[in-house]
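Take a look at the structure below.
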Protein chains: 2
Amino acid sequence: MSSCLFDTVGSKCQCVCMISTEQKTMHILDAALPVFVRFGFRKATMADIARAAGISRASLYLSFNSKEDLFRAGSARAHRQTMAEVEVALKGQGSVFDRIEAAIATFQRGLIAPFGGSAEARELFEVNMALAADITLETRERLLDLLSLALHEAAAKGEIDLGAVEAQPASLAGIILAAMSGIKEMRGAEPGLGDDTRLFMRLLRAAVTPPG
Amino acid sequence: MSSCLFDTVGSKCQCVCMISTEQKTMHILDAALPVFVRFGFRKATMADIARAAGISRASLYLSFNSKEDLFRAGSARAHRQTMAEVEVALKGQGSVFDRIEAAIATFQRGLIAPFGGSAEARELFEVNMALAADITLETRERLLDLLSLALHEAAAKGEIDLGAVEAQPASLAGIILAAMSGIKEMRGAEPGLGDDTRLFMRLLRAAVTPPG
DNA sequence: GGACAAATGGACTTTACATGTCTAGCTGTC
DNA sequence: GACAGCTAGACATGTAAAGTCCATTTGTCC
């Protein structure tokens, strides 16, 4: 048997290599997510996570210095992955509205929906803001920039008319995000987009679509 | 506002009365069940249960002396309620087979299915045997008696023929229960009866149905 | 075979938190 | 005002999780 747990089938594992280390980290984070979702941060123990990952508690500490570190790494990865998908969505086909809608749906699906079903959702979000506020806020900032840019380009092409509502792209992007987060706060977070979200998108569309 | 949390709407609560005390107990057990199902016995704290019941931790200790007491009370109530339903099922319409099938389905639905979905099912059953073995075994005994009686009566009426398999009602009842518990052990516990259970019931029916 | 890396089980200290108890105080009823 | 029910909060105590460390095992490579 190989000494490395994370061989890809058929290929020997060159340990001491970065790929394996990274795979191990990913594997652990994959295992940790459902544990955190199920129990929340506090009730989830390092033993739980180690068991879920199929490794020993000692090994867990070889990859992460602390439970908080592990959580931060998980949060960071989720934000990184989701933002990559969001960028793809924004570069896709369709109108600005379609692409923004897709982008936001992706964002929700990646960063909110996975926890929304959990009774520990509140605690998890609180812990996330306590341990990974920088990542979270930076990501939100970046999403804002991406939306602004999309709106700006659409305005430049005449696809939308921001003059009608006297708004800068950045302001409008801010409104969109705020509305989405508000809607998610009130209603539960379904996967994808809810009715309220779609209604808001129709409002937006109606407001900035150029006449004629 | 009334000083009693558990008024039934429209009727003043006469505290110091047994009804209210019992209602409170029931209310707490109702609240405690999902907490135990969600977290298992160990991870579920008295604070969790108090919060779920909408009362203070101190009040919880006015109703129950300990977490173990509370669990025992919950287990006892579940067994009591379920056995009452089982008796109804056994007195119902249809053949012995139908009634036994219904009885067992009721038993499973009341005492196994609620926990079967939980990842903590194993721990909960272990804790139950540690804290409420008497209740559990007594209930199982009682179920055995009820099934035996049903089989006995059916045999007396000529509805079934136990001579064909050379079995006493009690032995057959024991086999049925053992088979059910084995099936539930192997397969997951769905609500109601699974395919395996139904197959077993067909076997039983075929084996003891009198010829002609 | 020996050197080496990775992972493990287990022992250990420290720290956090849950249990169970108690008291003083609040709220609404009679 | 007396009383009952509930509460918040403090408390001592015990359990267990966090984090650290090391001896040992397992498998790889030379």
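The chains referred to below are lettered A, B, ... by the order of the sequence lines, with proteins before strands, and numbering in each begins at 1.
- For the pair Phe64(B) CZ and dC6(D) P, the computed distance is 13 Å after rounding to whole Å.
- If you take CZ of Phe39(B) and P of dA18(C), they are 11 Å apart, rounded to a whole angstrom.
- In this structure, Phe41(B) atom CZ and dA18(C) atom P are separated by 14 Å, rounded to whole Å.
- For Ser63(B), the side-chain contact (heavy atoms from CB on, under 4.5 Å) partners two or more places apart in sequence, or in a different chain, are Lys24(B), Ile28(B).
- Partners of Arg205(B) according to the salt bridge (Lys or Arg N to Asp or Glu O under 4.0 Å) rule, which considers only residues two or more places apart in sequence or in another chain, are Asp98(B).
- Take Asp69(B) and apply the salt bridge (Lys or Arg N to Asp or Glu O under 4.0 Å) test, not counting sequence neighbours, and it matches no residue.
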Taking only distance into account, with no hydrogens and no angle test, what donor-acceptor pairs under 3.5 Å do side-chain atoms of residues 139-146 of chain A form with protein atoms, sequence neighbours excluded?
{"from": "Thr139(A)", "atom 1": "OG1", "to": "Ile135(A)", "atom 2": "O", "distance (Å)": "2.8"}
{"from": "Arg142(A)", "atom 1": "NH2", "to": "Glu87(A)", "atom 2": "OE2", "distance (Å)": "2.5"}

For DNA chain C, the dot-bracket notation using Watson-Crick and G-U wobble pairs below 3.5 Å, [ ] for pseudoknot-type crossings and | for other-strand pairs, is ||||||||||||||||||||||||||||||
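- Regarding contacts with the backbone of dT8(C), a side-chain N or O of Ser56(A) is found under 4.0 angstrom from either OP1 or OP2.
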Taking only nitrogen or oxygen atoms into account, show me every contact under 3.5 Å that the protein makes with nucleotides 13-20 of chain D, one pair per line with its distance.
{"from": "dA17(D)", "atom 1": "OP1", "to": "Arg42(B)", "atom 2": "NH2", "distance (Å)": "3.1"}
{"from": "dA18(D)", "atom 1": "OP1", "to": "Met46(A)", "atom 2": "N", "distance (Å)": "3.3"}
{"from": "dA18(D)", "atom 1": "OP1", "to": "Lys67(A)", "atom 2": "NZ", "distance (Å)": "3.4"}
{"from": "dA18(D)", "atom 1": "OP2", "to": "Met46(A)", "atom 2": "N", "distance (Å)": "3.0"}
{"from": "dG19(D)", "atom 1": "OP2", "to": "Tyr61(A)", "atom 2": "OH", "distance (Å)": "3.2"}
{"from": "dG19(D)", "atom 1": "OP2", "to": "Lys67(A)", "atom 2": "N", "distance (Å)": "2.9"}
{"from": "dG19(D)", "atom 1": "N7", "to": "Arg57(A)", "atom 2": "NH1", "distance (Å)": "3.0"}
{"from": "dG19(D)", "atom 1": "O6", "to": "Arg57(A)", "atom 2": "NH2", "distance (Å)": "2.8"}

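- Per the geometry, CG belonging to Leu60(B) stands 16 Å off C1' belonging to dG9(D), to the nearest Å.
- In this structure, His152(B) has no side-chain hydrogen bond (donor to acceptor under 3.5 Å, both in side chains) partners at least two apart in sequence or on a different chain.
- Every residue meeting the side-chain hydrogen bond (donor to acceptor under 3.5 Å, both in side chains) condition with Arg72(A), not counting sequence neighbours, appears here in chain and number order: Asp134(A).
- The side-chain heavy atoms of Tyr61(B) and Leu70(B), taken from C-beta on, include no pair separated by under 4.5 Å.
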Per-pair distances, 0.1 Å, donor-acceptor, side chain in residues 39-53 of chain B, under 3.5 Å, sequence neighbours excluded:
{"from": "Lys43(B)", "atom 1": "NZ", "to": "Lys43(A)", "atom 2": "O", "distance (Å)": "2.6"}
{"from": "Lys43(B)", "atom 1": "NZ", "to": "Asp48(A)", "atom 2": "OD2", "distance (Å)": "2.5"}
{"from": "Thr45(B)", "atom 1": "OG1", "to": "Ala47(B)", "atom 2": "N", "distance (Å)": "3.3"}
{"from": "Thr45(B)", "atom 1": "OG1", "to": "Asp48(B)", "atom 2": "N", "distance (Å)": "3.0"}
{"from": "Thr45(B)", "atom 1": "OG1", "to": "Asp48(B)", "atom 2": "OD2", "distance (Å)": "3.1"}
{"from": "Asp48(B)", "atom 1": "OD1", "to": "Arg51(B)", "atom 2": "NH1", "distance (Å)": "3.4"}
{"from": "Asp48(B)", "atom 1": "OD2", "to": "Lys43(A)", "atom 2": "NZ", "distance (Å)": "2.5"}
{"from": "Asp48(B)", "atom 1": "OD2", "to": "Thr45(B)", "atom 2": "N", "distance (Å)": "3.1"}

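- Between the NZ atom of Lys24(A) and the C1' atom of dA7(C) there is a distance of 9 Å, rounded to whole Å.
- Residue Arg51(B) contributes atom CZ, which lies 14 Å from atom P of dT7(D) at whole-angstrom precision.
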